Amino acid sequence: MADSFADQLRAQLDGIQTELERLDAKRQLIELLLSLESGSAAATASSADSPRVRRGSRRSAPSVKRPRLARGLITGKIREFLGAQRESVHATAILAYLEQHDAAPRSAKPMASLQNTLQRLKEQGEIENAGRNHWRLRPAETAQPSAANPPPASKASEAGTPAPATPHPISRPPVVTSTTTFGTRTGSGE
C-alpha cells in the first residue's frame, strides 16, 4: 500500500514538473513578445542571457525612448484610412493601419492614445462614432460648415431679410441666465 501511495505521489510530482516546464516556456515566449513589441533588440538578447528571476517577482519591460511623430501625422493617416473605407471601421483596425504605416501613437498604451485622438476628431466634427467603437468620416452634407465652405445663402437673405446667424463651429455655446434669483420665488403671491 505504501508503494502505491509513493507511486501516486511520484506521478503527481511528474505532472506538476511537466506543468511548470510548460508555464516556463510560455513565460519565456511572452517575455520575447513583449521585448519585440517594445522594439528593443538589445532587450531580447539580454533577457535570453539573464539568470532566472525569483518566483513571485515581476520583471518590467525595458523602456525604450522612441522619437515623437510629426504633428498631424496620426490624424492625417486616420483621415486617409477612413476616407478609403465604405463602412465604419473598428478602432483596432485603425490602429493596425497606423502600425503598418509607422504612424501609430508612440506611447505605453497606443490604443488609449488612439481613442483620445478619435474623440478629439469627433468633437471637431470630422469623424463620427457609428457605435461599438466603429468610426467613419462624417458625410460631407452633414459635416459642420467651415470658413472655407460656407453654407449656401437662403432665400430669406436674398429677399433682404437677415438669415438667422449660424454659430461658428469653434464658438462657445450660448449662456442662459436664470429668471429667478436664489432665495426668491416669482408668482408665489407673497
Side-chain angles (χ1 to χ4, degrees), residues 19-149 167-175:
E19 182 70 13
L20 285 173
E21 290 170 358
R22 185 186 69 80
L23 290 173
D24 188 46
K26 189 175 182 179
R27 179 190 56 81
Q28 290 175 354
L29 179 62
I30 290 171
E31 285 178 355
L32 177 64
L33 290 173
L34 286 174
S35 66
L36 291 175
E37 183 177 296
S38 69
S40 170
T44 306
S46 66
S47 67
D49 297 336
S50 65
R52 285 190 86 175
V53 177
R54 229 180 41 215
R55 285 193 181 121
S57 67
R58 298 182 77 187
R59 180 186 295 174
S60 62
S63 63
V64 177
K65 184 80 172 173
R66 292 181 279 182
R68 290 185 62 135
L69 296 172
R71 184 175 297 273
L73 177 67
I74 295 172
T75 55
K77 287 292 184 182
I78 291 171
R79 286 185 204 103
E80 175 185 310
F81 178 65
L82 291 178
Q85 305 301 314
R86 292 178 185 251
E87 299 288 323
S88 58
V89 181
H90 195 269
T92 55
I94 297 171
L95 184 60
Y97 176 82
L98 292 175
E99 287 173 348
Q100 287 175 350
H101 292 84
D102 199 29
R106 303 241 171 122
S107 66
K109 297 182 179 180
M111 181 55 85
S113 297
L114 175 63
Q115 291 291 351
N116 288 336
T117 303
L118 292 171
Q119 188 63 35
R120 184 171 34 83
L121 288 171
K122 177 185 172 191
E123 290 169 0
Q124 292 173 351
E126 295 185 40
I127 64 172
E128 61 186 8
N129 189 343
R132 295 186 180 247
N133 208 10
H134 284 75
W135 299 88
R136 64 179 168 225
L137 280 180
R138 229 178 184 171
E141 61 273 358
T142 61
Q144 293 179 356
S146 64
N149 299 325
H168 190 270
I170 303 176
S171 68
R172 295 190 177 105
V175 176

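Nothing here was measured: the structure is a model prediction, and the numbers come from that model. Position 1 is the first residue of the sequence, and the numbers go up from there.
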## Note on the structure
F81 meets the ring-ring contact (aromatic ring centres under 6.0 Å, His included) criterion, sequence neighbours left out, with Y97

#### Entry: Derivation and outcome, side-chain contact (heavy atoms from CB on, under 4.5 Å), residues M111 and T92
CA-CA 8 Å; M111 181 55 85; T92 55; 3.5 Å; yes

#### Entry: Basic-acidic side-chain contact under 4.0 Å: R22, E19
yes

[atom1]-[atom2] distance between [X] and [Y], expressed to the nearest 0.5 angstrom:
| X | Y | atom1 | atom2 | result |
| --- | --- | --- | --- | --- |
| L23 | I30 | CG | CD1 | 9.5 Å |
| N133 | I94 | CG | CD1 | 8.0 Å |
| L118 | L82 | CG | CG | 7.5 Å |
| D24 | L29 | CG | CG | 11.5 Å |
| L69 | K77 | CG | NZ | 11.0 Å |
| L114 | K109 | CG | NZ | 15.0 Å |

#### Entry: Minimum-distance pair of heavy atoms, taken over all atoms of L121 and R79
CD2-NH2, 3.8 Å

### Query
Closest heavy-atom contact between P105 and L98?
CD-CD1, 4.3 Å

### Task
Mind jotting down which residue pairs meet the salt bridge (charged side-chain N to carboxylate O under 4.0 Å, His left out) criterion with at least one end in residues 81-99? Sequence neighbours excluded, please.
none

#### Entry: Minimum side-chain heavy-atom gap S88-E128 below 4.5 Å
no

### Stepwise side-chain contact (heavy atoms from CB on, under 4.5 Å) check, R138 with E126
CA-CA 6 Å; R138 229 178 184 171; E126 295 185 40; over 6 Å; no

### Message
One pair to check against side-chain contact (heavy atoms from CB on, under 4.5 Å): Q115 and Q119. What are the steps and the verdict?
### Response
CA-CA 6 Å; Q115 291 291 351; Q119 188 63 35; over 6 Å; no

